[in-house]
Structures are given as C-alpha cells and as structure tokens.
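Have a look at the structure below before the remarks.
Order of the sequence lines fixes the chain letters, A, B, ..., with proteins taken first and strands second; residue numbering starts at 1 for each chain. Just so it is clear, the structure is predicted and the values come from calculations on it, not from any experiment.
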2 protein chains.
Amino acid sequence: MSHTLGIRQAQKQKTRQAFLDAALGLLEEQSLSSLGLREVTRAVGVAPTAFYRHFRSTADLGVALVDEALGSLHPMVRTTVSIPGEERITQAVRLIADYVSAHPAHVRFIARERHGGVQPVREAIRAQLARFADEVRSELAKDPGAEGWNDDDLLMLAHLYVDQMLITASLFLETLESPEPSEAERERVTQVATRQLRLISLGRLHWLDTP
Amino acid sequence: MSHTLGIRQAQKQKTRQAFLDAALGLLEEQSLSSLGLREVTRAVGVAPTAFYRHFRSTADLGVALVDEALGSLHPMVRTTVSIPGEERITQAVRLIADYVSAHPAHVRFIARERHGGVQPVREAIRAQLARFADEVRSELAKDPGAEGWNDDDLLMLAHLYVDQMLITASLFLETLESPEPSEAERERVTQVATRQLRLISLGRLHWLDTP
DNA sequence: AATTCCAGAGAACAGTTGTTAACTGGATGA
DNA sequence: TCATCCAGTTAACAACTGTTCTCTGGAATT
C-alpha cells in the first residue's frame, strides 16, 4: 500500500520537482555541462544552497531527468511493438509523434545528452535505451515473423528500431522548433519515418531467404 | 594556382589551428556550450584577447570545427557508395572504423554537437549531413538496383544510410573509450553494423515487390 | 509539551568568466 | 628606408561561479 507523505516530505518533493522543471526549461538552449547550480536555484526562486538538499551536483539532477523522461515510456513501447501486422508501424510513428508533442523538452534533453559532455548522464541514457532494445527484442521474439531468428540477430534488429525511433523523435522535434511549425512538415516526417520502418521490416521479412 | 603565404599569414593560420586543436581536446569531456574562451586561450598558451583575432565567439570556433571534421569526408563517401555489390557494405563499415580510429575527437565532437546546445553549430552539422545524404542519393541513383525508384524514396533511403553510419561511428567511439579497448569489441560492432546494413539493403531489394 | 530534525536562508570565500581599451613590435608594401 | 598594418599583449571591469559554515523556524517525534 502507498503511505501518505507528511507535509514535510510533500513540500520537499514539490521543491525537487520545481528543480527538475526549471532545469528542463533552461536546458532548451544549452547543454547540461554548462548548466550552473545557481542558475537553476535562481529560476526556482530559492537560495543556492537549497540545491544540495536535493542533488549532489547538476550531473545528479541530469540523471534524475533521464528517468523522468524515459521511465514512463516502457509500457507504451511494449504495447506498441506487440501490435501485429502493418498497424504496428503506423502506431509506433504515432506514439513517437504524440510523445514529442506532449514532452518536447524531455525529448530534446535525451537527444542532446545522449552524446553530451556528462558521463553519468550518458550512461543513464545508454542503460535506458538498452532496456528499450531488450524489450523490443523480447516482444519481437513472440512475433510469428521471428521464426528461425536467433537472439543476436533479434537484438541487432531491435537496436535498429530503437535508434530509428530516436532519429524520428528528433525530426519531429525540429518540426516543432521551426519558425512556422506547419502540419505539412509533421506529415512529411511521418511519411518518411513510416517508409523507413517499412523498408526495415521488408528486410526483416527476407532476412532468412538465403543462408 | 596556390599563392605562397607570407610569414605573417602563415603564423596566423598556425595559431588558428592551435585554437582548433586545443578546443577539440577540451571538448572531449564537455560540450561546446560550456567551453570558455579563456579556457581555450589558456590551453593554447596565448592571451585571452588573442582569441578575437580568429573567432567572434566559441560558437564561431565550433562551426569551423564542423568543417574540419566533415569537410574532407565527402569524396571518400562518394567513392565508397559507388562500389557495387556486397563489397560496398564491407568497405563502408571499414571506412567508418578507420575514420573513427584516426580522428576520434572529431567524431565525438560531431556526435555531441549534432543535437548540442549551440544553434549555429547544429545548423552547420545538419547542412553537412544533408550534403552527405544528397551525395549518397545521387550515387545510389547510378546503381542498377535503383531502377523504378523515385527521388523521394532514394533520399529517404540515403538518410537511413547516413544516420546508420553515424550510429556506427558512435559505437566505434565507445569501443575506444572503453577502459580496456579490445579488438573483440571492435569486431562485434563491425559485425552488427554490417548485418544492419545488409538488412536495410535487403529491404531495398524488395522495395518494389508489391506496389 | 518538550525535544529533535531538517529544508531552506544568509553571508562570505576565492576563482572564474567575457569584453573593453590602449599598447607593442615585427612583418609588409610604397 | 619609412610609414602602415595587425597578431598578440597587458591591465582592468563588473558579473558570475561552486562550496563552506552558521543560523532559523516549522514539522515530526517522543
């Protein structure tokens, strides 16, 4: 059962969330490695020293942001990959489009810090993406089209899908950042992403044609 | 014809190159948006104000680094893509492996700043990658396997290849950064990348099977 | 009701930052 | 040879950084 938090714990979590929100906002136009501790506390409206009550460093805050950004996405990905047939591709692209629309700053943060200058954050993202890949692999294994596939090749394919989804997310993001975000642009990205996934699925279909 | 530079111009270019080299070194463990001007001049061994003789800002220096990192790669990519048959994939993976080994810091810089916090640099990288995609597209168009393909689909495929190459480069880089860089790890990345490219090529082969 | 706890405030620290202005001295071109 | 140019220097600026130590007032515990 869930324990009701005391006033004190509740207020602390509220402040912590304010830190995460403020940081995410500031990170829209800079990278984590240049994010200052004082900068964040100023945005939240608290004293600089209050930061240490919640995080050891801005790198620590970054790791927390990784979990916030990707943690809740796992069940959705599993569900989407488990859809059979053509519908899977359509729904996967839609899932990404919707997620980018709903949480653009989170997506930007992940894309930016995946190869960014803060090692612990890179590692946290790497671990999350590896989890996604493994989940995709295990869902694909249940698919009838996976007969005759070994686990290595399935994981190779899963990584291809995951990376492709990240690229697509980044393209949708650019769509939002564009000076005049048009529905036509979004539609174009959707079309390209769909066809790229279709092409990969075609390759998958004929993977075992010749040994 | 090439004009021989005076002592003065030559010395200036030498210092400029020292700036680029020093910056690239410092950027191994941080992002461009946190790179300080004084930090760079200190590493070069020159007064802070000397920086302004060469660059307007660190963002400006970043744009110069983009050209240094990717500019010389275009002819190699064209040549590699023009190779027919299975050999093309093998040679492409080898090209990337060699380039990462020879210029790891440049590759890291591109991967990091592609989605980094400095807009002009992102734009410069985007433009270079678009050039690669267009070059790959025009080489693929010459390929016998491209009969019946329209330009839109060819460009879609070209982007898929280019993005895939960047992902592979980043994996090779992680291989070098690993605490104990083993040849076995490199070989594994080579194998995965090769099979991913093969799968994509299989999809390409059957793209026109059903309209 | 008395005591402990602890999120956040306040002040101070030594170092750092980007940018300005005025300079020097060797290469350059008349 | 002499005047011009200009890459790099020196000095100074206000503003900012992360981190420390001490303090406070309300919640939590007894």
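- If you check every strand for non-hydrogen atoms under 4.0 Å, B:A50 touches a base.
- For the pair B:T15 and D:dA7, the criterion of a side-chain N or O lying under 4.0 Å from OP1 or OP2 is not met.
- When each of B:P48 and B:Q9 is assigned the nucleotide of DNA chain D with its nearest heavy atom, B:Q9 is the one assigned upstream, toward the 5' end.
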Dump the intermediate steps for side-chain contact (heavy atoms from CB on, under 4.5 Å) on B:W149 and B:R137, then the final yes or no.
CA-CA 11 Å; B:W149 283 67; B:R137 182 199 54 76; over 6 Å; no
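- Between the base of D:dC6 and the side chain of B:R53 there is no donor-acceptor pair shorter than 3.5 Å.
- Minimum interatomic distance between B:R78 and B:E135 (heavy atoms only, all atoms of both residues): NH1-CG, 3.1 Å.
- For B:S178 (side chain) and B:E180 (main-chain N/O), a donor-acceptor pair under 3.5 Å exists by modelled atom type.
- Between A:H103 and A:H106, the angle of the ring planes goes over 60°, which puts this pair in the perpendicular group of the 30/60° scheme.
- Between the side chain of A:R114 and the backbone N or O of A:F109, no donor-acceptor pair lies under 3.5 Å.
- DNA chain D lies under 4.0 Å from at least one heavy atom of each of the following residues of residues 29-46 of chain B: B:R38, B:V46.
- For B:T49 against D:dT10, a side-chain N or O and a base N or O form a donor-acceptor pair under 3.5 Å.
- Within the structure, the ring-ring contact (aromatic ring centres under 6.0 Å, His included) test picks out the following pairs touching residues 15-54 of chain B (sequence neighbours left out): B:F19-B:F51, B:F19-B:H54, B:F51-B:F55.
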